[in-house]
Amino acid sequence: MSCLATIPSDVEAEATFIAKADGVIAGISLADMIFNQVDPSLNVEWFESDGNYVHKGLQFGKVYGCARSIIIAERVVLNFMQRMSGIATLTKAMSDAARPACILETRKTAPGLRLVDKWAVLIGGGKNHRLGLFDMVMIKDNHISVAGGIANAMRSVDQFLEREKLTIPVEVETRTIEEVKDVLKYAAENKTSLTRIMLDNMVVPLPNGDVDVSMLKDAVQLINGRFETEASGNVTIDTVKKIGEAGVTYISSGALTHSVKALDISLKIDTELALQVGRRTNRA
């Protein structure tokens with residue numbers, strides 16, 4: 001209604017993307033798809049690529065064409081780009097700190113946006129965990145409780161996969177050193193499809209804000225490279241370096257997608273005025 005009321009259909013305009021905070025840009029490829037869906041005649045030019053680091057105030061792209069079409073597409077494009085860039089920015093920071101371990105997201109994504117959220121993690125330098133309940137078996141605490149123990153749960157999974165002639169990754173969650181030993185005992189005595197052991201909440205917060213990773217290290221030493229390992233729980237930008245140094249293969253963090261802070265980006269037709277306002281509010 002706003003565009004129909006204020007903008008003649010034949011008016012053309014040029015709008016500029018402006019970063020209003022430092023971070024990793026993500027969603028450029030998706031933005032191209034959205035603009036094309038709204039109006040294939042729009043011309044979009046980018047000065048940066050997905051995964052590039054941008055600084056506050058940088059003009060990193062332009063779109064030219066029908067003014068109505070630009071403004072109609074504006075909020076949809078920015079909603080995706082801001083969320084994806086926020087995810088990519090945090091992922092990049094955590095990936096750099098976690099090395100040599102790899103950072104994974106989880107299924108704790110925004111409803112309907114799982115592919116987009118996981119795409120942003122890849123752009124930020126992380127790796128993807130399972131996409132859903134169909135591409136990996138993850139034996140978690142509730143499965144173990146209902147099955148009557150880790151060995152029973154693993155045996156059931158192995159029998160199911162053999163019966164259905166399925167070859168997919170299998171991960172089992174452990175919460176104690178005793179459970180890790182149970183997993184290793186079962187694997188030593190049985191043919192198993194197990195590929196990864198999750199070490200859940202073996203990172204213990206300390207009163208001084210630090211974390212104790214001694215249990216995590218003990219578990220990694222017990223496993224001794226026989227299976228991939230994944231640390232989960234109490235993973236933050238402040239703790240991830242110490243967790244990575246414990247020797248795990250992967251570190252998974254739900255916060256990458258469920259608690260993301262969007263990167264502030266704007267799309268402005270009057271760029272000079274937008275920058276003046278931005279500088280006045282310390283956002284450009």
Side-chain angles (χ1 to χ4, degrees), residues 2 13-36 38 42-65 67 69-99 103 105 108-110 113 116-127 209 235-241 253-284:
S2 304
E14 181 180 88
T16 302
F17 284 93
I18 305 171
K20 301 172 83 173
D22 297 346
V24 176
I25 283 293
I28 285 175
S29 295
L30 183 55
D32 284 336
M33 298 178 199
I34 295 167
F35 281 126
N36 186 67
V38 171
L42 291 175
N43 295 306
V44 188
E45 181 181 5
W46 301 102
F47 314 132
E48 300 290 339
S49 302
D50 278 331
N52 286 6
Y53 197 87
V54 298
H55 295 283
K56 183 169 68 175
L58 181 71
Q59 299 179 34
F60 63 89
K62 289 187 177 183
V63 55
Y64 179 85
S69 297
I70 292 173
I71 296 173
I72 287 169
E74 172 194 359
R75 180 44 52 193
V76 180
V77 167
L78 290 177
N79 282 349
F80 278 112
M81 289 192 71
Q82 288 179 311
R83 179 176 177 83
M84 290 182 71
S85 297
I87 292 171
T89 298
L90 180 57
T91 302
K92 172 65 174 170
M94 293 188 76
S95 293
D96 288 348
R99 290 192 180 98
I103 284 288
E105 85 295 279
K108 297 172 184 177
T109 52
L113 294 181
V116 172
D117 284 0
K118 285 178 172 285
W119 187 2
V121 168
L122 291 177
I123 291 171
K127 293 189 175 182
V235 178
T236 68
I237 190 62
D238 297 318
T239 64
V240 71
K241 184 176 188 297
S253 170
L256 290 179
T257 53
H258 72 54
S259 300
V260 61
K261 178 182 178 182
L263 188 72
D264 199 358
I265 301 168
S266 64
L267 179 63
K268 296 298 182 183
I269 291 174
D270 190 341
T271 306
E272 286 306 314
L273 180 57
L275 287 172
Q276 287 178 29
V277 175
R279 284 190 287 267
R280 187 176 70 217
T281 57
N282 197 31
R283 296 170 69 203

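FYI, the numbering just counts along the sequence from 1.
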Indicate the atoms forming the closest heavy-atom contact of [X] with [Y], along with that distance.
X    : Y    : value
G86  : V260 : C-CG2, 3.4 Å
I269 : A15  : CG1-CB, 3.9 Å
A67  : A13  : CB-CB, 3.9 Å
A31  : M81  : CB-SD, 3.9 Å
F60  : A19  : CE2-N, 3.6 Å
I123 : A88  : CG2-CB, 4.4 Å

Min side-chain heavy-atom separation [X]-[Y] under 4.5 Å:
X    : Y   : result
V235 : M94 : yes
I87  : R83 : yes
L78  : R75 : yes
E48  : V54 : yes
F47  : F17 : no
I70  : E14 : no

From [X] [atom1] over to [Y] [atom2], what is the distance, rounded to the nearest 0.5 angstrom?
X    : Y    : atom1 : atom2 : answer
F80  : D117 : CZ    : CG    : 9.5 Å
Q82  : I25  : CD    : CD1   : 9.5 Å
K62  : I18  : NZ    : CD1   : 10.0 Å
I72  : I34  : CD1   : CD1   : 14.0 Å
I103 : K92  : CD1   : NZ    : 12.5 Å

Output yes when a side-chain donor or acceptor of [X] lies under 3.5 Å from a complementary backbone atom of [Y], and no otherwise.
X    : Y    : answer
T109 : T257 : no
T89  : V24  : yes
S85  : A26  : yes
D32  : V44  : no

Please determine whether salt bridge (Lys or Arg N to Asp or Glu O under 4.0 Å) holds for the pair K56 and D264, giving the CA-CA distance in whole Å, both sets of side-chain angles, and the decisive distance to 0.1 Å.
CA-CA 9 Å; K56 183 169 68 175; D264 199 358; over 6 Å; no

Given L267, which partner from the list I71, V63, V77 fulfils the side chain to side chain contact (heavy atoms under 4.5 Å, CB included) test?
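Considering I71, V63, V77, a side chain to side chain contact (heavy atoms under 4.5 Å, CB included) with L267 is found only for V63.
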
